2 protein chains.
Amino acid sequence: MTKDVLRVETILTTTEDVLRRHGLAKATVLDVARALGVSHGSVYRHFPSKAALRGAVTRRWLTRARAVLATIAASDDPAPERLSRWLTAAFESKRAKALDDPELFETYRTLAVEHTDVVEEHVTELLAQLRAIVEAGLASGDFAPTPPDVAARAVFDAVARFQHPLLASEWARPGIGAEFDGVLGLVVRGLLAR
Amino acid sequence: MTKDVLRVETILTTTEDVLRRHGLAKATVLDVARALGVSHGSVYRHFPSKAALRGAVTRRWLTRARAVLATIAASDDPAPERLSRWLTAAFESKRAKALDDPELFETYRTLAVEHTDVVEEHVTELLAQLRAIVEAGLASGDFAPTPPDVAARAVFDAVARFQHPLLASEWARPGIGAEFDGVLGLVVRGLLAR
DNA sequence: TGACTGACAGAATCCAGATTCTGTCAGTCA
DNA sequence: TGACTGACAGAATCTGGATTCTGTCAGTCA
């Protein structure tokens, strides 16, 4: 808020705040405008619709969530370890969010379902990170020859149970950690050169 | 209907019929009783509650769905092929149901969510079938040594994206077949002895 | 001059009264 | 005698009139 002019970033931050405080249903454009101390017409100056505003918030949330994983993907650990760390971090951070603040997680889950296009971008980015790890493993000879994009997709799909927000309700079950380890082991063994 | 007395099987069949015709919301105990030509009090003579009736219908549906898979699990194909056939059949039959009659599938999906206990029985049974295949593979030396129950669970979890009813909406996407093949290959390679 | 306001129409959502359903049980009837 | 009925209370669901929201735009004001 360095300037008095209403800025896109300010609107997004305030919207996140309203979402956190009051939940999805009560986060109307009017509410956001009230929280900003402006009329709702002003919000429409920066976003063409309520859907666009929500989409932008969703995109920002997913981009932040991806940052940690990008660091791991770009590390120079051996590919099998790097893959394990990446998949574990992806699961653990999502799981922590879902368990720490279920209502906020549910809010963003609903937003994600509403904005399929934004989620698709996110998935594409995640797949690119996975492909980079697979390519490193192919180059080092750790992984058996395979088309990297197909392998990345297969790994991503295989951990869907521990990634897909629709299945989040099962992440609180006691045995879930062991189950994740089981799939992780299976997946890594499936990639390794023999 | 060999006898005039109201029988449990008759009630279940009629309930399925009402569900198919009118959907979940309109399938009240009163509706089922009307379809049977009896008073709703008679239905309560055989089922203690509406939930119990719905649970019984769900159980019957899942039991039927499992029968095909049981045949494959008990076949004497080599374990890797048998596993592929089992997983493919599990995916294809569910996918066919979801695409052929989306409304009926949605009905049973909701029922499954309502009756977690019944679904758990079902999953336990499926895991037992998978474990039998894994054990065959261990005995033949096709699969690398591993605790069969852990491996069965890992395989089951890895194909969640192609099995979990909550993700059914994605089974209509064009690339889904290739994605399934990718995971199937990864999983089988993960089990194979080296 | 251009960021912002607020009145407005049509769409979406809310709420309270009316209807329907669940589960029980005393009573019927074959 | 026991399978079945139907009236009943309380819970759940529906409905349509009242309220709130979305998206637009002519007008204000700094």
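Proteins come first, then strands; the chains are lettered A, B, ... in the order of their sequence lines, and each starts at number 1. In this text, all values refer to a predicted model and were calculated from it rather than measured experimentally.
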How about B:R161 and B:E179: do any of their side-chain heavy atoms sit closer than 4.5 Å?
yes
Could you give the [atom1]-to-[atom2] distance, from [X] to [N], as a whole number of Å?
X: A:R7; N: C:dC4; atom1: CZ; atom2: P; value: 12 Å
X: B:L24; N: C:dC21; atom1: CG; atom2: P; value: 14 Å
X: B:L30; N: D:dT13; atom1: CG; atom2: C1'; value: 14 Å
X: B:R34; N: C:dT22; atom1: CZ; atom2: C1'; value: 13 Å
X: A:H22; N: D:dT20; atom1: NE2; atom2: P; value: 17 Å
X: B:H46; N: C:dT24; atom1: NE2; atom2: P; value: 15 Å

Quick test of your reading: applying side-chain hydrogen bond (donor to acceptor under 3.5 Å, both in side chains), list the pairs with at least one residue in [range], sequence neighbours left out, ordered by first then second residue.
range: residues 51-65 of chain B; result: B:E9-B:R60, B:T13-B:R60, B:E16-B:R60, B:E16-B:R64, B:R54-B:E114, B:R59-B:E121
range: residues 126-139 of chain A; result: A:W86-A:Q129
range: residues 87-101 of chain B; result: B:K94-B:Q163

Under a 4.0 Å heavy-atom cutoff, the residues of residues 48-57 of chain B touching DNA chain C are B:S49, B:K50
For B:F162, enumerate each residue passing the ring pair (Phe, Tyr, Trp, His ring centres under 6.0 Å) test, keeping only those at least two apart in sequence or located in another chain.
B:F91, B:F180
Just jot down the side-chain contact (heavy atoms from CB on, under 4.5 Å) partners of [X], sequence neighbours excluded, or say none.
X: A:R21; result: A:D17
X: A:H40; result: A:V29, A:L30, A:A33, A:Y44
X: B:P147; result: B:D149, B:V150

Protein and nucleotides 5-14 of chain C: nitrogen or oxygen contacts under 3.5 angstrom:
unit_1, atom_1, unit_2, atom_2, d
C:dT5, OP2, A:S39, N, 2.8
C:dT5, OP2, A:S39, OG, 3.2
C:dT5, OP2, A:S42, OG, 2.6

Residue pairs passing the salt bridge (charged side-chain N to carboxylate O under 4.0 Å, His left out) test where at least one lies in residues 32-45 of chain A, sequence neighbours excluded
A:D31-A:R34
Counterpart residues, salt bridge (charged side-chain N to carboxylate O under 4.0 Å, His left out), relative to A:R109 (two or more places apart)
A:E106
Name the stems with DNA chain C in them: runs of three or more consecutive Watson-Crick or G-U pairs, distances under 3.5 Å?
C:1-30 with D:1-30
Side chains of A:H122 and A:R66 only: does a donor on one sit below 3.5 Å from an acceptor on the other?
yes
